[in-house]
Amino acid sequence: MPSNAEAAELFRSIADLLDVMGERFKPEAYRRAARSIDSLTEDLATVAARGELRSVPGVGGAIEEKVREYLSTGRIHYLDRLQKEVPPGVAELLRIPGLGPKTARRFWVDLGLEGPTEVLAAIDAGRLTGVKGFGEKKIAQIRNAVEAARGTGAATRLPIETAFPIAHRIVRALREGADADRVEVAGSFRRGRETVGDLDVLVTSRDPSRAFEVFSALPEVREVRLRGSTKETVVLTNGLQVDLRVVEPESFGAALQYFTGSKDHNVLVRTLAKEAGLRVNEYGVYRGEERIAGATEEDVYAALGLAWIPPELREARGEMEAARTGPLPPLVDEPSLRGDLHVHLDSGADAGTVERLLTEARRRRYAYLGVVAAGVDAGGQPIRVAESALERLVTVSTAKLRVYRWTEVDPAEDAAALLPSGPDGFVLRPSARHRAPPVEARPPGIVILVAHLGVSDPSATPVAREWLHYAARRGAAVEVGPGPERLDSTWARSAREQGVRLVLPTGLLAIQDDPTRPVALAWARRAGAIPNDVVNAGPFRAS
DNA sequence: GCCGTTTTCGGCCCGACTGTTTTCAGTCG
């Protein structure tokens, strides 16, 4: 069965092969189309059926045709042809860090080396020694890279929730130890993408060498890969690459804008600047030699006639056009969260747990809590609830902090449980077993959240789509956030497009550096959600 | 191969770092 992910992968393969063939601009065109296809919220087949493939950014006539061919036959002839011309090992060379298309092509065309194994053999045989462009260091570097790539395979991206505590430890260390005034993690981390390939850390510091020292000395650092006067690259023990850049305060906004990306967004920014006779780089916005902006991101965007664009929206999906006409609608943010509607008090919860929960809820000025007080878990077993903790929580329910009781149900197993019997609402826990939601089971006037909707397994996708439709018809909300059982930003965007409201977990009982709340917020923001789109970002009343 | 509120043709972001170079090419982000 065709999938968007597979189509994108095929176009990336085409791009790699064209790279090796020495094409200049086509590879980037295919990659851009692949990125667009990856971020679609609909199936390509659906878009194709409406005849709207050309409206996907980066898809023109030639790629549209290839998409149609893929959808009807599962293959792309053009790719088959390229694969016959380029040996598979040559494309493999491209994926080795430090080896690019030029080197891969030289190995293949000039030296007849058709893959990593042959390259290693050639190095061992001394065949590269004395070849123009290959000095001693370069050869050693290639050998190391090829050998390292053998063990690990393709570079993997880390889930943002895994990178989150690491990023925060780095930021703290730099703030405290390096005399750094401003410290920000830019890149896809700042855009709140689901996964990050590396971390880009920007600092301003009166003492750059001190910043590099502190950075290199972090306990997680496995090796320092390169160090210049403004930039240092290290690799952590878990394989994550982290770049630290020291920038001048008057350029901080420009650098932050530049390194936050995305690539496609920045291309649009630079193109717009060019049209206005300006130049943008990581140091600022320039008219001729004169810097007219750079200290803050707001200045940079303003100099181009744009409203500031939240990082989560910088994906070249129409945000530039929106920012031209005025300020963007304020996205949901931390202060707009007014409560948590999906709290679990597991069997270990005690009076201390309740106190921590209440203290944190009051500190954040939350107005309500929805606590799961009964129900069944994914295995159909009754959920174990700490009764005394629950009682304690319900008794402190006041007008200022209202506590609601929820029943969590697996709707297929227990449709009868959906009849009203005291609780204030239901948390649905759809299991992968049902092909369709229980359309008629929802009693009127009862609040429903669709949570625990696992979509990490691609085979669950059709089920999840049905649940979104269900939510759209029934006015239910869906839970967005990190973890295998919540929806990511692409799903959140899909939900919004169908008029489905979101509910965000807030990590009330979380420990330091917990990613739950910030990541859930980032994903809702990537979906363009304003407070009105989020159930727990406003007043709430169970009916 | 894509794209257009200066373009349907002629562009396509731009600077740091590294290594191998007598002034630059390749890679990366």
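Residue numbers start from 1 in every chain, and the chains themselves are labelled A, B, ... in the order their sequence lines are given, proteins ahead of strands.
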Report task. With heavy atoms under 4.0 Å as the rule, sort A/V59 into base, sugar-phosphate or nothing. Result -> sugar-phosphate
Requested in this report: Would you mind calling B/dT7 syn or anti? Take O4'-C1'-N9-C4 for purines or O4'-C1'-N1-C2 for pyrimidines, and syn is within 90° of 0.
Outcome: syn
Report task. For A/R105 and A/M21, indicate whether the former's side chain and the latter's backbone hold a donor-acceptor pair under 3.5 Å. Result -> yes
**Report entry** Contact summary for A/A180 and A/L174, nearest pair of heavy atoms
**Finding:** CB-O, 3.6 Å
Query raised in the report: Would you call A/R31 and A/E28 a salt bridge, using N to O less than 4.0 angstrom?
Result: yes
**Report entry** Carboxylate-amine/guanidinium contact A/E42 A/R50, below 4.0 Å
**Finding:** yes
Query raised in the report: Within the structure shown, what part of the strands sits under 4.0 Å from A/T230 by heavy-atom distance: base, sugar-phosphate, or nothing?
Result: sugar-phosphate
Query raised in the report: Considering only heavy atoms, which members of residues 232-265 of chain A lie under 4.0 Å from some atom of DNA chain B?
Result: A/Q241, A/Y258, A/K263
Query raised in the report: B/dT21 and B/dC3: how far apart are their P atoms, nearest whole angstrom?
Result: 41 Å
Query raised in the report: Can you list, by residue number, the residues of residues 9-36 of chain A that have a non-hydrogen atom closer than 4.0 angstrom to DNA chain B?
Result: A/F25, A/K26, A/A29, A/Y30
Requested in this report: With heavy atoms under 4.0 Å as the rule, sort A/G187 into base, sugar-phosphate or nothing.
Outcome: nothing
Query raised in the report: Considering Watson-Crick and G-U wobble pairs with both distances under 3.5 Å, what does B/dC17 pair with?
Result: B/dG26
